[in-house]
Amino acid sequence: MPDNTSTVEDPTKREPFELEKRKFEEEQSIKRDSLETERPNDAFGFFKSPLGLAIIGGLVTILVNSASSYFSTQNTLNVEREKLQADLIKKYLEAPEKKAREDNLKFLAGAGLIPAYGKRIEDYLKSNPDAIPHTPISSDYKTFGDPNILSGTVLDKIAAIRNSLVVVRSRQGAVEWRKCTGVLIDQTTVVTMSYCAADNLAVPAAGVQNLKVDPGKGNPLIDVKDVRIVDHGSSAESIALVTLTAPAPNNTPLQIETASPSVGLKLILPFVDGRTSEFYASVDEDCKITNLKGTSGIGYRCDGDVGSAGAPIVSMETGRILGVHSMATQEARWGVRLTAADVGL
């Protein structure tokens, strides 16, 4: 006979299963909550890793170097910009006339071409209207004295004088030469002091072999044909007229002043340095005639140096030669008057 009795589950066997199930579900819930909490932190986990830190460090270095390079470049550009503006100001201050220099500064400041200095220059011009600086014009010569006296016309005269000067060499030994300045009064005649061309006032024919004239500018020495002395007494008071065997190339003769010299007349004393062959010009307010002695002596106060003997004494007003420099004393420097009659004109 079949057993129709239903089977009843034993509650004691079910309880452990439910307990394990709840435990599993609770653990899963805790893990989900933990994952939800850690997920935002995990987004920055890469940056905390060694690789992430290395990349970040590299980027920071690149940014810092780029910024440093930028600011350094900007600083260099600013320095160069100010330098160019300063050079522009100096160039515009080369104008010989005060009014022209003032107008130049006002133009530069007003046009905005010198922003680094414009405001200060405008303020300076308002406060010091009579004190406009002057930049001496660069040239192939050096000056003694105040360069501010160098106006455009004086510079033109000095340039003409420069082209008329030569160096007169007289042999003193096998390899030794005495050097004096000389000035061309025509293409083949040089004027200098007599003692620069001869020890005695009478020059023997053989003596010219010991004389050479250096026209400068890389040209070869020129031989001397003869020497004529314009005798005013001693060798320190007499002039030598040196005739060349050939014209001096690229040199322009200097004209002789016809007017008589007078005390107070402003002068230019140009000469060639006997040691370096450099051209100098003594130009300042004190370079003027202070004494006149007899018919041929000229006293003046102009700076000179080795090689200035024989240099032309030039009128600043006309740019013409009125004498030849001879010597210096405690009283003054002295030269000898040169006239057209002395050279047969």
Side-chain angles (χ1 to χ4, degrees), residues 96 134 136-137 139-168 179-185 190-196 232 235-240 254-257 259-339:
H134 181 217
I137 300 176
S139 186
D140 64 342
Y141 66 89
K142 301 178 181 179
T143 60
F144 287 96
D146 184 7
N148 287 320
I149 199 173
L150 297 179
S151 66
T153 54
V154 173
L155 287 170
D156 291 341
K157 292 168 186 173
I158 292 177
I161 296 168
R162 173 69 182 91
N163 289 329
S164 70
L165 296 191
V166 297
V167 176
V168 178
K179 299 179 182 179
C180 293
T181 299
V183 57
L184 284 166
I185 56 171
V190 174
V191 174
T192 188
M193 285 306 299
S194 64
Y195 59 79
C196 292
H232 290 290
S235 61
E237 299 172 310
S238 300
I239 296 172
L254 200 62
Q255 294 182 340
I256 298 175
E257 179 60 76
S260 299
S262 59
V263 173
L265 181 67
K266 292 184 178 180
L267 305 173
I268 301 172
L269 182 65
F271 63 94
V272 180
D273 190 294
R275 296 159 300 191
T276 64
S277 296
E278 291 183 304
F279 173 50
Y280 285 81
S282 180
V283 185
D284 59 36
E285 290 290 347
D286 294 328
C287 186
K288 56 189 175 183
I289 295 177
T290 57
N291 305 83
L292 292 172
K293 185 171 64 174
T295 59
S296 61
I298 304 175
Y300 44 89
R301 292 197 175 278
C302 302
D303 293 319
D305 207 336
V306 176
S308 59
I313 305 168
V314 180
S315 167
M316 183 180 290
E317 181 180 356
T318 65
R320 296 180 177 180
I321 177 174
L322 51 84
V324 181
H325 174 65
S326 176
M327 60 183 177
T329 66
Q330 291 183 345
E331 181 184 2
R333 292 183 183 275
W334 291 92
V336 182
R337 177 83 169 100
L338 177 69
T339 65

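A quick note: this is a predicted structure, and the numbers were derived from the prediction, not measured.
For the side-chain contact (heavy atoms from CB on, under 4.5 Å) with Leu184, the qualifying choice from Leu254, Val191, Val190 is Val190, the only one to do so.
The two residues Met193 and Val336 come nearest to each other via the heavy atoms CE-CG2, 4.0 Å. When all heavy atoms are compared, the tightest approach of Val166 to Val183 is CG2-N, 4.4 Å. Scanning all heavy atoms of the two residues, the minimum distance from Pro312 to Leu269 falls at O-CD1, 3.6 Å. Taking both residues in full, the closest heavy atoms of Ala328 and Arg333 are given as CB-NH1, 3.5 Å, listed atom of the first, atom of the second, then distance. Nearest heavy atom pair, residue Pro261 against residue Ile289, reads CB-CD1, 3.6 Å.
Taken to the nearest 0.5 Å, the CD1 atom of Ile321 stands 9.5 Å off from the CZ atom of Arg337. Taking CE of Met316 as the reference point, atom CG of Leu267 lies at 7.5 Å (rounded to 0.5 Å). Atom CG of Leu322 sits about 11.0 Å away from atom CD of Glu317, to the nearest 0.5 Å. In this structure, the separation between CD1 on Ile268 and CD1 on Ile161 is 4.5 Å, given to the nearest 0.5 Å. Put simply, OG on Ser315 and CG on Leu265 are 4.5 Å apart, with the number rounded to the nearest 0.5 Å.
Take Gln255 and apply the side-chain hydrogen bond (donor to acceptor under 3.5 Å, both in side chains) test, not counting sequence neighbours, and it matches Arg320. For Thr192, the side chain to side chain contact (heavy atoms under 4.5 Å, CB included) partners are Val168, Cys180, Cys196, Ala240, Val242, not counting sequence neighbours. Residues passing the side-chain hydrogen bond (donor to acceptor under 3.5 Å, both in side chains) test with Thr339, sequence neighbours excluded: Asp342. Contacts of Asn163 classified as side chain to side chain contact (heavy atoms under 4.5 Å, CB included), with partners at least two apart in sequence or in another chain: Lys217, Thr252.
Side-chain atoms of Ser282 do not come within 3.5 Å of backbone N or O of Cys302 as any donor-acceptor pair. Although no hydrogens or angles enter the test, the distance criterion places a donor-acceptor pair under 3.5 Å between the side chain of Thr181 and the main chain of Val272.
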All N/O donor-acceptor pairs, side-chain side in residues 290-301, below 3.5 Å, sequence neighbours left out:
residue	atom	partner	partner atom	Å
Thr290	OG1	Gly299	O	3.4
Tyr300	OH	His325	ND1	2.5
Tyr300	OH	Trp334	O	3.2
Arg301	NH2	Glu331	O	2.6

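Side-chain atoms of Ser326 and Ile239, non-hydrogen and from C-beta on, never get closer than 4.5 Å to each other.
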